[in-house]
Asks: 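Have a look at the structure that comes next, please.
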Amino acid sequence: MNEHDSERMAGMLEAEGYVKTTAAEEASVVVFNTCCIRENADQRLYGNLGHMKRIKDLREGEMRIVVAGCLAQKDKDLIQQRAPYVDVVLGTHNLASLPRLLSESHEGPAFEILEQTEVFPSALPARRTSPWHAWVSISIGCNNSCTFCIVPAVRGREISRRTGEIVAEVEQLVDDGVIEVTLLGQNVNSYGRDLDGRPLFAKLLRELDRIEGLERIRFTSPHPKDFRADTVEAMADCSRVCEHIHLPVQAGSDRVLKRMKRAYTRRRYLEKVAMVRQAIPDVAVTTDIIVGFPGETEDDFKETLEVTAEARYDAAYTFQYSPRPMTEAADFDDQVPKAVVQERFDRLIALQQRISLEQNQRHIGCSEEVIVEGVSKKDPSKLSGRTRTNKLVHFDSDGAREGAFRTVRITGALHHYLEGVLTDGRNGEPRARLTLPLVASGTGCNTCS
Ligand code: SAM
Ligand code: SF4
């Protein structure tokens, strides 16, 4: 969501005649677009601002510093107090005000934080960072009240964008050369409830699936409590929707899930994973997990390990619980000591890495369609690309450009990426779905091996 907002801010600045530079020493405007989901972002901002102040001082009035995003929304006046040299502060609800505030800042600091969204960010110009992939916001804000999460406080109530507008944006993107979109919302499965009273996400997927020239549709995130059969059916029916679901579990113990106010149980969650695996046999499942939520006991944590083992995630984003202001859990009086959290966290990572490795090894011997993302960061003589299941593959380079399709045979697997070699067989059309065995065999998939 923040990357998407950054693209919009860059787009507005370009429309004003600014051009991008990668050197702060040359910049006339530096924008920090912030996130406050976890505490370390707070701490990093003020360090980064201090560094930028030193550069600004050398530039003698030629540079202006902007702080935008969730942290600005949360900290409001604090930024002015702690960093009075910041020229513009704007929150999550008024991205559109950036050009006006910048021009006002010639007269002195311009700070504006609103409590409600003025203009849906998607209505603003964008400077897309990728020619072939685009983030597409389908809703902003969140109506849930997970007790650990600051998002509702800084992003506000959920507002869905009209389906016609989303379809029109994606059609335009495809005309501009985009082949993959990722739909964004804090809870994509409640998309549309504020439009006509019922969730419309499955219908949206079906409408987008009809767009000629669009190759891949991804989305993040569905909330497990609202993730239902109609979405799974749409995923299975729509050939452009990728075989990947990110279904954040957060914790494995019902007691912890209840205190988190997640509104599902471990059993209901695992049923949903089973439902999607049954409908789309080669689907990749990823998740978010929080370790050390207040009151989490060793037994609770063991249940998180059990769910992790049972769900057999392809990958997991694992977080140590971070108390956030304006959230209920920050006031719970049974915070878990840091050393205990760290020890559990290490155990969870070790388990997940083993499972990720086994899940990845199942692909060895398979032919996979990838979209090239560019030169491999691991080995510059290679390219990297992503499979429909969102796995990163490093493979020998034939000079293909970003956004090209290639077919690669998977020759190796580590827990966080695959290795492959180019094979004949591209294509132009999305490949037929492969059927992989559910349980690790290490010897490739049913179809290829
Ligand atoms: N809307 C998504 C959902 O409900 O699953 C989550 C969006 S949140 C921006 C991304 C992830 O950050 C969460 O899934 C959670 O795992 C993590 N997170 C949020 N608040 C956190 C906190 N206070 N401490 C640690 N991790 C947190
Ligand atoms: Fe935060 Fe929960 Fe909303 Fe996700 S669903 S953004 S975790 S409040």
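Each ligand, and each atom within it, is numbered from 1 in the order the structure gives.
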Asks: Taking only heavy atoms of Cys142, which atoms of ligand 2 are found under 4.0 Å from at least one of them?
Replies: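 Close to Cys142: 3 (Fe), 5 (S), 6 (S), 8 (S).
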Asks: Between Lys261 and Glu328 (salt bridge meaning N to carboxylate O under 4.0 Å), is one present in this structure?
Replies: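 Here Lys261 pairs with Glu328 in a salt bridge, since their nearest N and O are under 4.0 Å apart.
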Asks: Looking only at protein heavy atoms, identify the closest one to atom 8 (S) of ligand 1 and say how far it is in Å.
Replies: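 Going by distance alone, atom 8 (S) of ligand 1 is nearest to Ile37 CD1, 4.0 Å.
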Asks: Under 4.0 Å, heavy-atom basis, I'd like to know which part of Pro152 is in contact with ligand 2: side chain, backbone, both or neither.
Replies: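 Answer for Pro152: side chain.
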Asks: For atom 15 (C) of ligand 1, find the nearest protein heavy atom and state the residue, atom name and distance (0.1 Å precision).
Replies: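 Here the nearest protein heavy atom works out to Gln250 OE1, 3.4 Å.
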Asks: Give the residue and atom name of whichever protein heavy atom lies nearest to atom 27 (C) of ligand 1, and the separation in Å to one decimal.
Replies: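 Going by distance alone, atom 27 (C) of ligand 1 is nearest to Ile290 CD1, 3.7 Å.
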Asks: Are any of the side-chain nitrogens in Lys20 or Glu14 under 4.0 Å away from the carboxylate oxygens of its partner?
Replies: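 No salt bridge links Lys20 with Glu14.
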Asks: Starting from atom 21 (C) of ligand 1, which protein heavy atom do you reach first, and at what distance in Å?
Replies: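 Result: Phe148 CD1, 3.8 Å.
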Asks: Which of the numbered atoms in ligand 2 are under 4.0 angstrom from any heavy atom belonging to His223?
Replies: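 Those of ligand 2 that fall under 4.0 Å from His223 are 5 (S).
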Asks: Which atoms of ligand 2 sit under 4.0 Å from any heavy atom of Phe148?
Replies: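 Those of ligand 2 that fall under 4.0 Å from Phe148 are 7 (S).
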Asks: For the residue pair Asn189 / Lys225, report whether a side-chain donor-acceptor contact shorter than 3.5 Å exists.
Replies: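 No, because no side-chain N or O of Lys225 sits under 3.5 Å from a partner of the opposite role on Asn189.
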Asks: Give the residue and atom name of whichever protein heavy atom lies nearest to atom 2 (Fe) of ligand 2, and the separation in Å to one decimal.
Replies: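 I find the closest protein heavy atom is Cys146 SG, 2.2 Å.
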Asks: Just need the protein heavy atom nearest to atom 6 (S) of ligand 2, so name the residue and atom and give the distance.
Replies: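 Protein heavy atom at minimum distance: Gln186 OE1, 3.4 Å.
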Asks: Starting from atom 26 (N) of ligand 1, what is the nearest protein heavy atom, named by residue and atom, and what distance separates them?
Replies: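 The protein heavy atom lying closest is Phe319 CB, 3.5 Å.
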Asks: Checking side-chain polar atoms at under 3.5 Å, does Asp379 have a donor or acceptor matched by the opposite partner on Ser376?
Replies: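 Not at all, the side chains of Asp379 and Ser376 share no donor-acceptor pair under 3.5 Å.
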Asks: Before signing off on this row, confirm whether Ser221 and ligand 1 have an N or O atom pair separated by under 3.5 Å.
Replies: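 In fact, backbone or side chain, Ser221 has no N or O that close.
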Asks: Arg266 vs Glu303, test: salt bridge (Lys or Arg N to Asp or Glu O under 4.0 Å). Steps then yes/no.
Replies: CA-CA 9 Å; Arg266 162 189 172 148; Glu303 292 199 57; 3.0 Å; yes
Asks: Heavy atom of Arg262 under 4.0 Å from ligand 2?
Replies: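 It does; at least one heavy atom falls under 4.0 Å.
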Asks: When you measure from atom 22 (C) of ligand 1 to every protein heavy atom, which one gives the shortest distance, and what is it?
Replies: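 So the nearest neighbour among protein heavy atoms is Ser322 O, 3.6 Å.
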Asks: Give the intermediate values and the outcome of side-chain hydrogen bond (donor to acceptor under 3.5 Å, both in side chains) for residues Asp194 and Ser160.
Replies: CA-CA 7 Å; Asp194 52 327; Ser160 303; 2.6 Å; yes
Asks: What is the closest protein heavy atom to atom 25 (C) of ligand 1, and at what distance does it sit?
Replies: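 Minimum-distance protein heavy atom for atom 25 (C) of ligand 1 reads Gln320 O, 3.5 Å.
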Asks: Using heavy-atom distances, let me know which of Gln186, Arg38, Arg155 sits nearest atom 1 (N) of ligand 1.
Replies: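 Closest candidate by heavy-atom distance is Gln186.
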Asks: Say whether Tyr269 and Asp254, considering side chains only, have a donor N or O and an acceptor N or O under 3.5 Å apart.
Replies: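 Their side chains do not contain a donor-acceptor pair, so the 3.5 Å distance test is not met.
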Asks: Within this structure, what is the CD-OH distance for the pair Glu39 and Tyr321, rounded to the nearest 0.5 Å?
Replies: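 With rounding to 0.5 Å, CD (Glu39) is 10.0 Å from OH (Tyr321).
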Asks: Below 4.0 Å from any atom of ligand 1, is there a heavy atom belonging to Arg262?
Replies: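 True for this residue.
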Asks: Using only atom types and a distance under 3.5 Å, with no angle test, would you say the side chain of Asn94 pairs donor to acceptor with the backbone of Gly91?
Replies: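 Judged by distance alone, yes, a pair lies under 3.5 Å.
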Asks: Taking the basic N atoms (NZ, or NE/NH1/NH2) and the acidic carboxylate oxygens, is any pair closer than 4.0 Å for Arg218 and Glu180?
Replies: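 Salt bridge between Arg218 and Glu180, a charged N being under 4.0 Å from a carboxylate O: yes.
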Asks: Could you check which of Val291, Asp288, Asp226 puts a non-hydrogen atom nearest to atom 10 (C) of ligand 1?
Replies: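 Nearest option to atom 10 (C) of ligand 1, by heavy atoms: Asp288.
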Asks: Return the orientation label for the His133 and Trp135 ring planes: parallel under 30°, perpendicular over 60°, tilted otherwise.
Replies: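 Rings of His133 and Trp135: perpendicular, as their planes differ by over 60°.
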Asks: May I ask you to list the atoms of ligand 2 that are less than 4.0 angstrom from any heavy atom of Val151?
Replies: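 Ligand 2 atoms under the 4.0 Å threshold to Val151: 6 (S).
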Asks: Tell me whether the centres of the aromatic rings in Phe201 and Phe219 are closer together than 6.0 Å.
Replies: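 Yes; Phe219 has its ring centre under 6.0 Å from that of Phe201.
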Asks: What atoms of ligand 1 come closer than 4.0 angstrom to any heavy atom of Arg324?
Replies: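 Those of ligand 1 that fall under 4.0 Å from Arg324 are 23 (N).
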Asks: Would you say atom 2 (Fe) of ligand 2 has Cys149 as a near neighbour, meaning an N/O/S atom of that residue under 2.8 Å away?
Replies: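 No, Cys149 does not qualify, because none of its backbone or side-chain N, O or S atoms lies under 2.8 Å.
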Asks: Does the side chain of Glu112 pick up a donor-acceptor pair with the side chain of Ser97 at under 3.5 Å?
Replies: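 Glu112 vs Ser97: donor-acceptor pair found between side chains.
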